[in-house]
Amino acid sequence: MCFTLQVRLERLADYRAAHAAVWPEMLQALRDAGWRDYQLFLRADGLLVGTADVDDLDAAQAAVGATEVSARWEAAMGPLFVPGTGDGSDKAPLELVFDLDAQLDTTPTPEETP
């Protein structure tokens with residue numbers, strides 16, 4: 001899945017610092033909830049793009065959201081986001097419109113083309 005959020009420009013350094021040393025118990029909560037290959041990308045204007053592999057997004061979000069450490073993390077991160085653009089806990093996925101591997105897997109090779 002892929003999602004976007006908007007970090008406040010004046011809080012970019014705080015956001016980077018927090019994510020350079022995520023609490024070990026938060027890392028474990030994410031892993032235990034089924035998050036894999038979770039990465040965050042931050043642009044200079046505050047646009048945050050996140051990607052992760054999860055088997056069931058709703059279940060993964062609910063599982064991590066049910067933890068005490070997630071409530072503390074979200075409370076700490078919430079003020080870093082632009083109001084009305086999400087607070088980190090409501091990750092709405094973007095629509096996948098292109099997948100190179102999926103298309104290559106279904107495209108006939110030159111030898112298979114009549």
Side-chain angles (χ1 to χ4, degrees):
M1 69 108 174
C2 181
F3 63 90
T4 63
L5 294 168
Q6 188 68 41
V7 178
R8 293 172 180 262
L9 287 176
E10 68 275 13
R11 302 302 301 268
L12 290 176
D14 297 325
Y15 189 88
R16 284 187 179 98
H19 286 82
V22 174
W23 308 331
E25 62 269 34
M26 187 66 211
L27 298 173
Q28 191 60 50
L30 288 162
R31 177 59 50 95
D32 292 347
W35 294 75
R36 298 178 309 279
D37 198 24
Y38 187 13
Q39 298 179 321
L40 297 170
F41 303 87
L42 184 60
R43 202 166 66 182
D45 66 357
L47 177 65
L48 178 75
V49 177
T51 63
D53 288 332
V54 293
D55 294 328
D56 179 333
L57 177 59
D58 292 334
Q61 285 185 302
V64 78
T67 65
E68 179 274 334
V69 68
S70 179
R72 285 190 293 120
W73 182 262
E74 295 302 339
M77 293 300 104
L80 306 183
F81 294 102
V82 172
T85 64
D87 64 2
S89 64
D90 57 348
K91 297 167 184 68
L94 298 176
E95 176 189 1
L96 176 66
V97 296
F98 174 75
D99 182 328
L100 175 65
D101 292 336
Q103 287 196 24
L104 288 173
D105 289 346
T106 61
T107 301
T109 63
E111 298 81 32
E112 298 172 330
T113 326

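None of these values were measured; they are calculated from a predicted model.
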Residues which pass side-chain contact (heavy atoms from CB on, under 4.5 Å) with Ala29, listed by chain and number, not counting sequence neighbours: Val64, Thr67, Val69

side-chain contact (heavy atoms from CB on, under 4.5 Å) partners for Asp45, two or more places apart: Arg43, Leu47

Contact check, side chains of Val49 and Cys2, non-hydrogen atoms, under 4.5 Å: yes

Co-members of Leu104 in a cluster of I, L, V, M, F, W and Y side chains, linked at under 4.5 Å: Phe98, Leu100

Enumerate, atom names and distances included, each donor-acceptor pair closer than 3.5 Å involving a side-chain atom of residues 17-26, sequence neighbours excluded.
{"unit_1": "His19", "atom_1": "ND1", "unit_2": "Tyr15", "atom_2": "O", "d": "3.0"}
{"unit_1": "His19", "atom_1": "NE2", "unit_2": "Tyr15", "atom_2": "OH", "d": "3.4"}
{"unit_1": "Glu25", "atom_1": "OE2", "unit_2": "Arg72", "atom_2": "NH2", "d": "3.3"}

Would you name the heavy atoms of [X] and [Y] that are closest together and state the gap between them?
{"X": "Phe81", "Y": "Leu48", "value": "CE2-CD2, 4.1 Å"}
{"X": "Ala33", "Y": "Ala63", "value": "CB-CB, 3.7 Å"}
{"X": "Trp35", "Y": "Ala60", "value": "NE1-O, 3.4 Å"}

Just jot down the salt bridge (charged side-chain N to carboxylate O under 4.0 Å, His left out) partners of [X], sequence neighbours excluded, or say none.
{"X": "Asp37", "result": "none"}
{"X": "Asp55", "result": "Arg36"}
{"X": "Glu10", "result": "Arg8"}
{"X": "Asp14", "result": "Arg11"}

Any residue meeting side-chain hydrogen bond (donor to acceptor under 3.5 Å, both in side chains) with Asp99, in chain and number order, not counting sequence neighbours: none

Shared hydrophobic cluster for Leu96 and Leu94 (ILVMFWY, side-chain gaps under 4.5 Å): no

Can you tell me how far [atom2] of [Y] sits from [atom1] of [X], rounded to the nearest 0.5 angstrom?
{"X": "Leu80", "Y": "Gln6", "atom1": "CG", "atom2": "CD", "answer": "12.5 Å"}
{"X": "Asp56", "Y": "Met1", "atom1": "CG", "atom2": "CE", "answer": "11.5 Å"}
{"X": "Trp73", "Y": "Leu27", "atom1": "CH2", "atom2": "CG", "answer": "8.0 Å"}

Full working for side-chain contact (heavy atoms from CB on, under 4.5 Å) between Phe3 and Leu40: CA-CA 9 Å; Phe3 63 90; Leu40 297 170; 3.8 Å; yes

Arg16, CZ atom: more than 12 neighbouring heavy atoms under 6.0 Å: yes

